[in-house]
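All values below come from the heavy atoms of this structure, side chains included, with hydrogens, waters and symmetry mates left out. Just follow the structure's listing: the first ligand is 1, and inside any ligand the first atom is 1. Quick caveat: nothing in here was measured; it's all calculated off a predicted structure. Residue numbers count from 1 along this sequence.
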Amino acid sequence: MTHIQDIAQSGNPVLAARAQEVEDPTSPQIQELIDQMLATVDRAGGMGIAAPQVSTSKRIFIMCSKPNDRYPHAPEMEPEAIINPELVSCSEEMETDWEGCLSVPNTRGLVARHTHIRVRYLRRDGSRVERSFSHFPARIFQHEWDHLEGVLFPERAEKLMPEDQWRDMMRSAAP
Ligand code: NI
């Protein structure tokens, strides 16, 4: 049975550490960790989760973009485990948008991210991938990448806002 993991909260040292490379993505321990992360991010309704958030300092994250009430225009993506990611290149062009994090409760922040990125990583079957992401998925990738470097989004935010105030603002801005 796959257990839902507690999510480490801001202030926990595991979130500030640089996570370690994964030696064998196909090992039973890593496969179980990925299953736990998939279950945990699904239960929490997140768009991504990084291994340090479940208190495991390994270079793995899950991306699982889907439309929700916070991000109605987010693309639907099959949840995917990203292992030992590398950033190959980043566009000079940046985009600024609101972010939140399962490890930073009741907070939204306005964060500039590269609009387009080229990345390499391993899949959970050990296969190598090189591909590009743009816009919202590129934002998720950069946010989760930061977790592996020990960085939380408030450190990058040009503006922070309590979640309830942010919701009111977004509601009043809706057409
Ligand atoms: Ni996060």
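Classification of Lys66 and Asp42 as a salt-bridged pair fails, no side-chain N sitting under 4.0 Å from a carboxylate O.
Cluster annotation: Leu110 is not connected to Leu152 through the hydrophobic network of ILVMFWY side chains, with a link wherever side-chain heavy atoms come within less than 4.5 Å. Side-chain heavy atoms closer than 4.5 Å link hydrophobic residues (I, L, V, M, F, W, Y) into clusters, and following such links, even through other members, never connects Val14 to Ile34.
Using the six-membered ring where Trp is involved, Tyr121 and Phe133 have ring planes that are parallel, under 30° apart on the 30 and 60° scheme.
Test Lys159, Arg139, Arg156, Arg108 against Glu99 for salt bridge (charged side-chain N to carboxylate O under 4.0 Å, His left out) and you get one pass: Arg139.
Around the Ni ion (ligand 1), protein atoms of type N, O or S found under 2.8 Å number 3.
Partners of Ser103 by side chain to side chain donor-acceptor pair (under 3.5 Å), not counting sequence neighbours, listed by chain and number: Gln53.
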